[in-house]
Structures are given as C-alpha cells and as structure tokens.
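All ligand and atom numbering here is 1-based and tracks the order in the structure. Small disclaimer: the values here were computed from a predicted structure and weren't measured. Residues: numbered from 1 along the sequence shown.
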Amino acid sequence: MKILDGKATADQIKLEIAAEVEKMTAQGKKRPHLAAILVGDDGASQTYVGHKEKACAQVGFKSTLLRLPADTSEEFLLSEIAKINADPDIDGLIVQLPLPKHINEQRVIETIDPAKDVDGFHPVNVGKMVLGLPSFVSATPWGILELMERYGIETSGKHCVIIGRSNIVGRPLANLLSQKSKPGDCTVTICHSRTKDLKEYTLKADIIIAALGVPEFLKGDMVPEGAVVIDVGITRVKADTKTGFRLAGDVQFSEVSPKCSYITPVPGGVGPMTIIALLRNTLKAAAL
Ligand code: NAD
C-alpha cells in the first residue's frame, strides 16, 4: 500500500508555481492576485481561507481578503463582487461557501465574472468543462486528478466508483474521469444517498472516490484488494484535542488501507491539492 501524499505533492507544485511567478515578474508582468470574500465567522471557513492566503504568499501571489459580517445583505455582497469583477488588478475571485442562509449561493456564483471564477463554479465554466473545452475546472476534482497523475495511476479503462453527487465534487469528477483524456477514459459509476446495495458497486471498482461527508463510511469489507482509494471527506468530529475536534475522512483508514494499492490520508491528501488547484487557476486567469 502506498500513500498518495497530497501535502508533499502540493509542496512540490508550489515550488513550480513560485518559479513561474518569478519568471513573470522578471519579464515585468504583475504578480497574480487572488481575492477572497468571507461572509460570517464559520470556523472551518476561516481556516480554509487562512490556508488559501498562506498558500498565495508562499508562491508569491498577491492576495486580498474581504471579511463581511454574517448579516451582510445579498445586495451588498453582489455589489462587492461587481467591484472586484471590474478591478483589473484582481485576476481571481473566490467566495467562500457555505454562505449564510439568507443569501442565494447560486446568484452569488453567477455574479462572479467567469474569467475570474477560479473555483470553477460558474455555469459557463461548468458547461465548458462538461464539453471538454478549456475552462477553470473546479478545484477539488482538478486536485484529485493531478494527484493521481503525479503518482502515475492509470485511469484508462478502469472502473471508478464515486460516492457523492455534489456539484463541486462528485458530478464534475464523474464527468472529467469519463472524458476521452488523460487522466480520464474511465468507466464511471456514481453512487449517492439513494443507491441500493452500494457495496456491490464498490467491490467492483478499481478506483473508489469517497466524497459524501460521512465520517469513516467506507469500511474494509466494501473495498476489493488492490483498489485505489481517494478520501475527499473532511468532517470535524469531537475529540480530546486542543481544538476539541479532529478531522475525519469518509474512509475507515485502518481497515481499508491494507487492501489498497494507493490511498489518500486525511488530513494531508486531497485538501492540500484543492488549494493548489486554486493557485493554478489563478495563474491561468492572470495569463488571460
Ligand atoms: P454534499 O453534502 O454536497 O454531498 C454529499 C453527497 O453524498 C450527496 O450527493 C449525497 O447523495 C451523498 N451521500 C450522503 N450520504 C450518503 C450515504 N450514506 N451513502 C451514499 N451517498 C451519500 O458534499 P460535498 O460538498 O461534495 O462534500 C463531501 C465531503 O467532502 C465533505 O466532507 C466535505 O467537507 C469534503 N470536501 C473536501 C474538500 C477537500 O478539499 N478535501 C473539498 C470539498 C468537499
């Protein structure tokens, strides 16, 4: 069993991006600039935004964080997005999700200029991605594909079972992995909360991607020998630690890992690669 080390891979890619930024600035071009908007004070969201700001600094990007209170009106948020859309110094914009209940997330996503939508959530980018056209691919799916590619994991002709059909992970991943591309060319099965006998599908998989947000859902008896297992889940569960919680994945690691050819840990697997995808997309946006 080999660990797919997302942290080490992400560190390596950060060096590559930093070298590209150096080259750009040496040619007199401006540094890529990522803006983030955080509404409210959700603990997990603050942590994610903090990681993104730190990663920007590590590769030499400029970053701007706009913090807004939880009672910010949708109208005000949309007007701030419009300002950033119009700012030529800012290349990429992310609005940290989830948003407070009174704000319509879809309207927010659709207000971001598709050319600055480095999260790849805007329908224009999703549509282009589905058609296999150049686009900003959403961060977590891109990070997973990049991690598999860097470890030389063959996807062509393999059966990939994805658990979870969300718009940000399961569905774009299913689409990308089924495309005629590398990595891709997979036969894909999507399982979800209404799937009956889910284990029947996972036992026939070469690659299992668990993205459902149910801690330690995938047990040892659901995984065939030699499978590649990617654990996307991150759930804060109560624990006797300094913070009062620990991060749990969707995979029962101690049972599943001995059966795998490759497996991602939580933390240190998919999470760091998701941030890299944002950096890559911002670099791409800066070159537009
Ligand atoms: P979501 O809640 O939007 O969707 C969950 C999906 O899982 C749904 O499609 C649902 O049908 C399916 N599901 C739920 N319970 C199920 C069950 N018992 N059996 C089968 N399917 C079931 O979730 P999401 O936004 O895609 O996130 C999933 C997990 O991935 C969460 O833990 C989230 O925190 C994590 N996540 C991690 C990263 C990262 O960078 N590592 C990025 C995004 C999401």
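Protein heavy atom closest to atom 36 (N) of ligand 1, with residue, atom name and distance, is V232 O, 3.6 Å. Nearest non-hydrogen protein atom to atom 16 (C) of ligand 1 is L212 CD1, 3.5 Å. Among all non-hydrogen protein atoms, the one lying nearest atom 6 (C) of ligand 1 is G164 CA, 3.7 Å. For atom 1 (P) of ligand 1, the closest heavy atom belonging to the protein is S166 CB, 4.0 Å. From the protein, the heavy atom lying nearest to atom 18 (N) of ligand 1 is F217 CE1, 3.6 Å.
When hydrophobic clusters are built by joining Ile, Leu, Val, Met, Phe, Trp and Tyr residues whose side-chain heavy atoms come closer than 4.5 Å, directly or via intermediates, M129 is grouped together with M273.
Each of L93, D91, T282 was compared with V118 under the side-chain contact (heavy atoms from CB on, under 4.5 Å) criterion, and only T282 meets it.
The pair K158-E154 does not count as a salt bridge, with every side-chain nitrogen at least 4.0 angstrom from each carboxylate oxygen. With respect to E80 and K83, a salt bridge is recorded, a charged nitrogen being found less than 4.0 Å from a carboxylate O.
Distance screen at 4.0 Å: atom 27 (O) of ligand 1 has no protein heavy-atom neighbour inside the cut-off.
Around the NE2 atom of H159, the shell of radius 6.0 Å holds more than 12 heavy atoms that belong to other residues, nucleotides or ligands.
Between the side chains of D89 and H33, at least one donor-acceptor pair of N or O atoms lies under 3.5 Å. K14 and Q58 form a side-chain donor-acceptor contact under 3.5 Å, judged by distance and modelled atom types alone.
Comparing T274, T140, I168, D250 by heavy-atom distance to atom 25 (O) of ligand 1, the nearest is I168. The option from D231, I234, I190, L97 that lies nearest to atom 41 (N) of ligand 1, judged by heavy atoms, is I234.
Each of the atoms 20 (C) of ligand 1 lies under 4.0 Å from some heavy atom of L198.
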